[in-house]
Peer 1: 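Here it is, the structure, as structure tokens.
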Amino acid sequence: MKSKIEELLRLSLKELISKHLISSAIPNEIQVDRPTQKEFGDFATNVAMPLASREGKPPRDIASIIVHNIKQRHGNMFSSIEIAGPGFINFKVKPEYWVGVLGDILRDKDAYGKSSYGKGKKVQIEFVSANPTGPLHVGHGRGAAVGDTLANILKITGFLVEREYYINDVGNQMNTLGRSVFARYLELCGEEGDFPEDGYQGDYIRDIAADIKARYQDELLHYSTREAVALCRDFASKRILKGIREDLDSFGIEFDRWFSESTLHEEGKIQKAVDILKSRDLIYTSDGALWFRSTRFGDEKDRVVRKRDGTLTYFASDIAYHMDKLERGYDKIIDIWGADHHGYVPRMRAAIEALGGDGDSFHALLIQLVSLERSGRPVYMSTRKGEFVTLKEIIDEVGKDAARYFFLMRKCDSHLVFDLELAKKKSNENPVFYIQYAHARICSILNKASKMGLVPDIGAADLGYVSRGDDLALIKALADYPSLLISCARNLEPHHLSFYLLELAGLFHSFYNKNKVISDNRELSLARLCLVDAVRQVLRGGLSIMGIDAPEVM
RNA sequence: GCGCCUGUAGCUCAGUUGGAUAGAGCAACGGACUUCUAAUCCGUAGGUCGGGCGUUCGAGUCGCCCCAGGCGCGCCA
């Protein structure tokens, strides 16, 4: 509905310009809002105000020209169009037009909410990308939920989306992993195992070592340390990666591509990237190391890509990785990182620009910390000791649905407090439950109705029965859904969806308590069945975008 | 010291990219089940939007300066 108003305004302005009633160009973004005050109508626009300053006329005069034109062209759609305050134009849409939304929803089914906002542009979204050195923990869970949901939102708003997981399977941390496992293995063999200072502490390391022991017995004792560590490293990373895949699977997340860092080395892509930068005079040698001139692109200092000892930095791989992304021709590249990597953004952006990419098409979404609570009391975690709470533990305790919702109920750059007890509650305090319950309630109504021979049928229903009061309020909320998704996509902010669904569920619960859907009035019942069926569809669709089930019975 | 994020009701947070009188939920109090799911709903209260200055028709939103908290600032990953 909102985009329809925008379209009308655009057409109207176009005509006014061609008739020379307005001389400036159409603003590229016409702003239409839902006003906070009910008296102001259903929609409001401020177009007249920015235009006024360019036209050198009072805003209210401009507004009146626009209003006159729209009344002429599309007057039958509105019950009133008024000019208010400094120059707002307020629209009140006729109920007949509002109820049409129900038809859209029931006809389009799961496609309701779809739009062509993204114009088929290719978007790559890389998320989770945890090193295969340990299981996924809570923080990864938040990144996973955000990334997956954002991908779904971008898809439904008309982008072509690819999801990717980047595996850091090269570098020091992998050797540390190998040494850690080998040390535990030696312990199991009754040997002196000097556990590395910087080793991985978690119990999972012992478990992996035990598996190696079970499979190889004492064999590794006869290997050189180097060979043994390498075996442990490969065994462990494979095992851990398998675990990560399983965790993501049970979290409902699938990737289109698992991109291994080692392939960059094998295919010489890092060298290639460095050579390209070198040819553009963006690489220089200093103190025996190779530096990238990231300051040329706004970074605060230049960055090392090859250390004095000849080994490459993590950043070097990342440059090559993003060069690979650029070569794949995406219109938008989204990386989801932990907020502790924020210092990394300028240099990554610099690298992209240096390689000829558009810095503005690169977006690094930073995900803030998650802290766990249990009924308001903090659950302490220490990564250093390996005492972190894993994603698997969370899913096992509160379930996939609650976990996903909780990870999405704050905007990314806010700290998130995840209360495990709240997530398990079956009451209106728990937002997931509240939304799912609304859905189940509707299913129950539809079920009962169908036993009475009543089914929602948009062709047969007289929607005049739902064009007032609580019914109309619900319809207006449903009509917001498509533009809400666009707004999520535009700002890369999936959390709005969780708020929207909560609000819609609240409106429904309130409606439910005041009004009977199935009543003696057959016409009213049929119309309301269409209404609640539409609510059910939007709830289900929204939840599915968030990766949350919509149970029919609870 | 420099940079990024955060600061909105007692608590947890929204605020649609500068719009009209700043909103939810929880907690508290009082009510509603002979009902399509009471696992729900209705009503009542709460504010110097951290502070200050500026930009303009208009600021929670933008700029600058402070204050508080978090996180970064490696030839670590």
Side-chain angles (χ1 to χ4, degrees), chain A residues 2 29 31-37 39-40 44-46 49-50 52-53 58-59 84-88 90 131 133 168 170-174 176 198 286-291 300-301 303-315 317 338-346 366 368-369 373 376 409-417 419 422 425-431 433-434 436-438 440-449 452 480 483-484 486-488 490-491 493 495-496 498-499 502-503 506 508-519 525 528-529 532 553-554:
Chain A
K2 186 173 139 185
E29 193 102 2
Q31 206 176 319
V32 175
D33 294 314
R34 304 280 322 248
T36 45
Q37 304 296 107
E39 311 86 74
F40 295 147
T45 182
N46 65 346
M49 278 128 93
S53 56
F88 292 103
N90 295 333
N131 295 346
T133 54
N168 286 122
V170 180
N172 274 335
Q173 86 275 10
M174 297 311 293
T176 306
D198 56 348
S286 175
D287 295 331
L290 229 48
W291 299 72
E300 54 185 22
K301 53 189 283 196
R303 308 291 173 177
V304 170
V305 291
R306 199 177 67 207
K307 294 175 263 183
R308 202 181 339 189
D309 66 7
T311 59
L312 294 158
T313 60
Y314 178 88
F315 182 46
S317 301
D340 52 343
H341 287 70
H342 67 253
Y344 217 76
V345 179
L366 302 171
Q368 274 293 352
L369 284 177
E373 284 190 355
M409 67 182 179
R410 300 280 173 261
K411 89 186 143 203
C412 297
D413 39 21
S414 292
H415 288 229
L416 170 65
V417 178
D419 194 311
L422 177 61
K425 269 194 189 165
K426 297 189 168 177
S427 76
N428 59 358
E429 291 168 64
N430 179 354
F433 172 81
Y434 185 79
Q436 288 180 322
Y437 185 54
R441 257 185 163 172
I442 295 172
C443 290
S444 165
I445 295 170
L446 292 170
N447 205 18
K448 181 180 172 182
M452 299 166 63
D480 283 340
S483 54
L484 168 98
I486 290 172
S487 148
C488 288
R490 185 196 310 126
N491 303 308
E493 288 178 340
H495 72 281
H496 291 123
S498 45
F499 281 92
L502 190 61
E503 218 175 285
F508 169 74
H509 282 308
S510 170
F511 175 88
Y512 176 93
N513 274 275
K514 263 191 272 178
N515 308 284
K516 294 288 282 184
V517 173
I518 304 169
S519 64
S525 303
R528 281 194 169 154
L529 281 174
V532 298
V553 180
M554 290 175 76

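Residue numbering restarts at 1 for every chain, and letters A, B, ... go by the order of the sequence lines.
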Peer 1: So what does Ala440(A) touch, heavy atoms closer than 4.0 Å: a base, only the sugar-phosphate, or nothing?
Peer 2: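 Base contact.
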Peer 1: Does His341(A) make a side-chain N or O approach to OP1 or OP2 of C4(B) shorter than 4.0 Å?
Peer 2: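 The answer is no; no side-chain N or O of His341(A) sits under 4.0 Å from OP1 or OP2.
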Peer 1: Regarding Asp33(A), tell me which of base, sugar-phosphate or nothing describes its non-hydrogen contacts under 4.0 Å with the strands shown.
Peer 2: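 Sugar-phosphate only.
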Peer 1: Under 4.0 Å, counting only non-hydrogen atoms across every strand here, what does Val553(A) touch: a base, just sugar-phosphate, or nothing?
Peer 2: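 Touches a base.
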Peer 1: Indicate, with a heavy-atom threshold strictly under 4.0 Å, whether Tyr344(A) touches base, sugar-phosphate, or nothing.
Peer 2: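 Base contact - Tyr344(A) has a heavy atom under 4.0 Å of at least one base atom.
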Peer 1: Only pairs with both distances under 3.5 Å count, Watson-Crick or wobble alike; so what is the partner of C64(B) in this structure?
Peer 2: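 When the pairing criteria are applied, G52(B) turns out to be the nucleotide that pairs with C64(B).
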Peer 1: Ignoring the backbone of Gln31(A), work out which of C75(B), U40(B), G19(B) is nearest its side chain.
Peer 2: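 Closest nucleotide among those given: G19(B).
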Peer 1: Given that both distances must come in under 3.5 Å, which nucleotide forms a Watson-Crick or G-U wobble pair with A32(B)?
Peer 2: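 In the structure as shown, A32(B) has U40(B) as its Watson-Crick or wobble partner.
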Peer 1: Write down the distance separating the C1' atoms in G30(B) and A68(B), rounded off to the nearest Å.
Peer 2: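 Approximately 39 Å lies between the C1' atom of G30(B) and that of A68(B).
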Peer 1: Among A20(B), A77(B), C36(B), find the nucleotide with the atom closest to the side chain of Tyr512(A).
Peer 2: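 Side chain of Tyr512(A) sits closest to C36(B).
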Peer 1: With sugar-phosphate meaning primed atoms plus P, OP1 and OP2, does Asn131(A) contact a base, only sugar-phosphate, or nothing at under 4.0 Å between heavy atoms?
Peer 2: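 Sugar-phosphate contact only.
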Peer 1: Contact class for Asp480(A) (heavy atom, under 4.0 Å): base, sugar-phosphate, or nothing?
Peer 2: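 Touches nothing.
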Peer 1: Calculate the interatomic distance between Tyr434(A) atom OH and A24(B) atom P; express it in whole Å.
Peer 2: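 So the OH-P distance, Tyr434(A) to A24(B), works out to 13 Å.
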Peer 1: Hey, is the side chain of Ser317(A) poking within less than 4.0 Å of OP1 or OP2 on A77(B), counting only N and O atoms?
Peer 2: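 Result: no.
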Peer 1: Is the count of non-hydrogen atoms from other residues, nucleotides or ligands lying under 6.0 Å from Glu373(A) atom CD greater than 12?
Peer 2: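 Atom CD in Glu373(A) is packed in, count exceeds 12.
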Peer 1: Within the structure shown, what part of the strands sits under 4.0 Å from Lys514(A) by heavy-atom distance: base, sugar-phosphate, or nothing?
Peer 2: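 Touches nothing.
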Peer 1: Just wondering, do Phe88(A) and G19(B) stack (centres under 5.5 Å, planes under 30°)?
Peer 2: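 So no, this residue does not stack on that base, at least one cut-off failing.
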Peer 1: Are any of Lys411(A)'s side-chain N or O atoms less than 4.0 Å away from OP1 or OP2 of G15(B)?
Peer 2: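 Affirmative; the distance criterion is met.
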Peer 1: Taking only the side-chain heavy atoms of Asn172(A) (C-beta and beyond), determine which of C41(B), A38(B), A77(B) contains the nearest atom.
Peer 2: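 Ranking C41(B), A38(B), A77(B) by closest atom to the Asn172(A) side chain puts A77(B) first.
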Peer 1: Would you mind pulling out the nucleotide paired to C2(B), Watson-Crick or G-U wobble, both distances under 3.5 Å?
Peer 2: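 WC or wobble partner is G72(B).
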Peer 1: Taking the minimum atom-to-atom distance to the side chain of His342(A), which one of A38(B), C76(B), C71(B) wins?
Peer 2: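 Nearest to the side-chain atoms of His342(A), counting from C-beta on, is C71(B).
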Peer 1: Across all strands, who's sitting opposite C11(B) as a Watson-Crick or G-U wobble pair, both distances under 3.5 Å?
Peer 2: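 Across all strands, the one nucleotide that pairs with C11(B) is G25(B).
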Peer 1: Which is true for Lys301(A) with a 4.0 Å heavy-atom rule: it touches a base, it touches only sugar-phosphate, or it touches nothing?
Peer 2: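 The answer is sugar-phosphate, as Lys301(A) gets under 4.0 Å only of primed atoms, P, OP1 or OP2.
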Peer 1: If we take the C1' atom in both A9(B) and G50(B), what is their distance in whole Å?
Peer 2: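 Those two atoms are separated by 15 Å.
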Peer 1: So if I take every side-chain heavy atom of His509(A) and compare against G15(B), A14(B), C41(B), which nucleotide ends up nearest?
Peer 2: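 Minimum distance to the His509(A) side chain belongs to C41(B).
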Peer 1: Considering only atom P, compute the distance from U17(B) to A77(B) and round it to an integer number of Å.
Peer 2: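 Result for the P pair: 42 Å, nearest Å.
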Peer 1: Considering only side-chain heavy atoms of Arg410(A), which listed nucleotide, A20(B), U16(B), A14(B), is closest?
Peer 2: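 In terms of side-chain proximity for Arg410(A), the closest of A20(B), U16(B), A14(B) is A14(B).
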Peer 1: What's the closest nucleotide to the Val304(A) side chain, out of C41(B), G70(B), C75(B)?
Peer 2: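 The closest nucleotide is C75(B).
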Peer 1: What does Ala449(A) touch in the nucleic acid at a heavy-atom separation under 4.0 angstrom: a base, only the sugar-phosphate, or nothing?
Peer 2: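 Touches nothing.
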Peer 1: Please confirm whether the shortest side-chain N or O distance from Asn428(A) to OP1 or OP2 of C26(B) is below 4.0 Å.
Peer 2: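 Result: yes.
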Peer 1: Is there a donor-acceptor pair under 3.5 Å between the side chain of Asn430(A) and the backbone N or O of Leu422(A)?
Peer 2: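 Judged by distance alone, yes, a pair lies under 3.5 Å.
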Peer 1: Please tell me which of the listed nucleotides, C75(B), U16(B), A39(B), lies nearest to the side chain of Arg490(A)?
Peer 2: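 Out of C75(B), U16(B), A39(B), the nucleotide with an atom closest to Arg490(A)'s side chain is U16(B).
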Peer 1: What distance, rounded to whole Å, do you find between the two P atoms, one in G74(B) and one in U12(B)?
Peer 2: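 It comes out at 33 Å once rounded to the nearest Å.
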Peer 1: Rounded to the nearest angstrom, tell me the gap between atom CD1 in Ile445(A) and atom C1' in C36(B).
Peer 2: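 It works out to 5 Å between those atoms.
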Peer 1: Over how many whole Å does the gap from Leu502(A) atom CG to C26(B) atom C1' extend?
Peer 2: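 It is 12 Å, rounded to the nearest whole Å.
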Peer 1: Should A45(B) form a Watson-Crick or G-U wobble pair with both distances under 3.5 Å, which nucleotide is its partner?
Peer 2: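 Here A45(B) is not engaged in any pair, so there is no nucleotide opposite it.
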Peer 1: Taking the six-membered ring for Trp, does Phe499(A) stack with A14(B) (centroid gap under 5.5 Å, planes within less than 30°)?
Peer 2: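 No, the aromatic ring of Phe499(A) does not stack with the base.
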Peer 1: Answer with base, sugar-phosphate or nothing: what part of the nucleic acid does His495(A) contact at a heavy-atom distance below 4.0 Å?
Peer 2: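 Sugar-phosphate, no base atom in range.
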Peer 1: Considering only the P atoms, how many Å lie between G47(B) and C11(B), rounded to the nearest integer?
Peer 2: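 It works out to 13 Å between them.
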Peer 1: Are the side chain of Asp309(A) and the backbone N or O of Thr311(A) linked by a donor-acceptor pair below 3.5 Å?
Peer 2: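 Checked: pair present.
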Peer 1: What's the closest nucleotide to the Lys307(A) side chain, out of U16(B), A20(B), A77(B)?
Peer 2: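 In terms of side-chain proximity for Lys307(A), the closest of U16(B), A20(B), A77(B) is A77(B).
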Peer 1: Using a cut-off of 4.0 Å on non-hydrogen atoms, how would the nucleic acid contact of Lys426(A) be classed: base, sugar-phosphate, or nothing?
Peer 2: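 If one applies the 4.0 Å heavy-atom cut-off, Lys426(A) turns out to touch a base.
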Peer 1: Across the strands shown, which category fits Ser510(A) at heavy-atom distances under 4.0 angstrom: base, sugar-phosphate, nothing?
Peer 2: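 Touches sugar-phosphate only.
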Peer 1: What's Gln368(A) touching, base or sugar-phosphate or nothing? Going by heavy atoms closer than 4.0 Å.
Peer 2: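 Gln368(A): backbone/sugar contact only, no base atoms under 4.0 Å.
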Peer 1: With a 4.0 Å cut-off on heavy atoms, is Ser286(A) in touch with a base, just the backbone sugar-phosphate, or nothing at all?
Peer 2: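 Base contact.
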